[in-house]
Amino acid sequence: MADIATRPDGQPERRRANRAALNLSATMREGSRTKSQVRVIDVSTHGCRIECTAPVTDDSKIWLAIAGLENQYCRVVWHAHEFVGLEFEKPLAEAVLEKLLKDHAQLTDKAVSDLRNIASRAHWLARQAGDDDIYNLAELSRQCAVDALVEGFRLGQAKPAGS
């Protein structure tokens, strides 16, 4: 039997798939509420993390509309301030995820800057968070910082010398 990874807070790691950085506008709707604009920060076959200002509660069900994908019915796994972790009711097919990532393969300078800002904001929030939120915020901060570094490096490599 394989060992189950454990988070620093002692809880088992629940993630089933690796995430890929994105910076996509999307809309979210919970029940009969009006649509809210959100930003997809990262995505995997099983879910995504978003930034939104609409209030949500853990375990609530929402519809997420991302251009190029059919609407996704999702469960709110966690939320902390403006950041939300969603689990897709039906995981994305690998080919669908690969097409989405290919269509948005190169993040812009602004997207990399946004990732750095999210990393900083999530880090600041994690330092003030209670036990329920600290892990999700710290992990979000870490992942966005890494993604910003990797994507920034790719951008630097893609630009001609002297640009």
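No experiment lies behind these values; they were computed from the predicted model shown.
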Exercise. Does Ser120 use its side chain to pair, donor to acceptor, with the backbone of Arg116 at less than 3.5 Å?
Worked result: yes
For this session: Would you please test Glu51 and Val84 for side chain to side chain contact (heavy atoms under 4.5 Å, CB included) and show each step?
Result: CA-CA 6 Å; Glu51 181 178 22; Val84 181; over 6 Å; no
Problem set entry | pair Leu69-Phe88: side-chain heavy atoms closer than 4.5 Å | no
Exercise. How long is the span from the NZ atom in Lys110 to the CG atom in Asn117, to the nearest 0.5 Å?
Worked result: 8.5 Å
Problem set entry | Steps toward side chain to side chain contact (heavy atoms under 4.5 Å, CB included) verdict (Val76, Leu86) | CA-CA 5 Å; Val76 174; Leu86 300 175; 3.8 Å; yes
Problem set entry | Non-hydrogen atoms of Ser141 and Ala119 that approach each other most closely | OG-O, 2.8 Å
Exercise. What is the distance from atom CG of Leu24 to atom CG of Leu107, rounded to the nearest 0.5 Å?
Worked result: 8.5 Å
Problem set entry | Approximate separation, where rounding is to 0.5 Å, of Cys48 SG and Ile41 CD1 | 9.0 Å
For this session: List the steps and the verdict of side chain to side chain contact (heavy atoms under 4.5 Å, CB included) for Arg121 and Glu82.
Result: CA-CA 10 Å; Arg121 170 94 173 123; Glu82 67 269 30; 2.8 Å; yes
Problem set entry | Salt-bridge criterion met for Glu89 and Lys61 (N-O under 4.0 Å) | no
For this session: List the steps and the verdict of side chain to side chain contact (heavy atoms under 4.5 Å, CB included) for Gln143 and Arg49.
Result: CA-CA 11 Å; Gln143 188 63 52; Arg49 286 190 283 208; 3.4 Å; yes
For this session: Indicate yes or no: at least one non-hydrogen side-chain atom of Glu98 is less than 4.5 angstrom from one of Glu94.
Result: yes
Exercise. Less than 4.5 Å apart, any side-chain heavy atom of Gln37 and any of Thr27?
Worked result: yes
Exercise. Heavy-atom distance under 4.5 Å between the side chains of Leu64 and Asn71, does that happen here?
Worked result: no
Exercise. What distance do His81 atom NE2 and Cys52 atom SG have between them, rounded to the nearest 0.5 Å?
Worked result: 13.0 Å
Exercise. Considering residues, nucleotides and ligands other than His104, do more than 12 of their heavy atoms fall under 6.0 Å from its NE2?
Worked result: yes
Exercise. If you count the non-hydrogen atoms of other residues, nucleotides and ligands that lie under 6.0 Å from CZ in Arg127, is the total more than 12?
Worked result: no
Exercise. Any ion pair linking Arg19 and Asp147 (charged N to carboxylate O, less than 4.0 Å)?
Worked result: no
Exercise. Would you find more than 12 non-hydrogen atoms of other residues, nucleotides or ligands less than 6.0 Å from Glu70 atom CD?
Worked result: no
Exercise. Quick one: does Leu115's side chain get under 4.5 Å of Asn23's, heavy atoms only?
Worked result: no
Problem set entry | Spacing of Trp78 atom CH2 and Glu139 atom CD [to the nearest 0.5 Å] | 9.5 Å
Exercise. CD1/Ile66 to OG/Ser25 distance, rounded to the nearest 0.5 angstrom?
Worked result: 10.5 Å
Exercise. Is Ile62 close to Arg29 at the side-chain level, that is, under 4.5 Å between some pair of heavy atoms?
Worked result: no
For this session: Could you tell me whether the side chain of Leu140 reaches within less than 4.5 Å of the side chain of Arg142, counting heavy atoms only?
Result: no
Exercise. Side-chain contact, heavy-atom cut-off 4.5 Å: Asp42 with Leu22?
Worked result: no
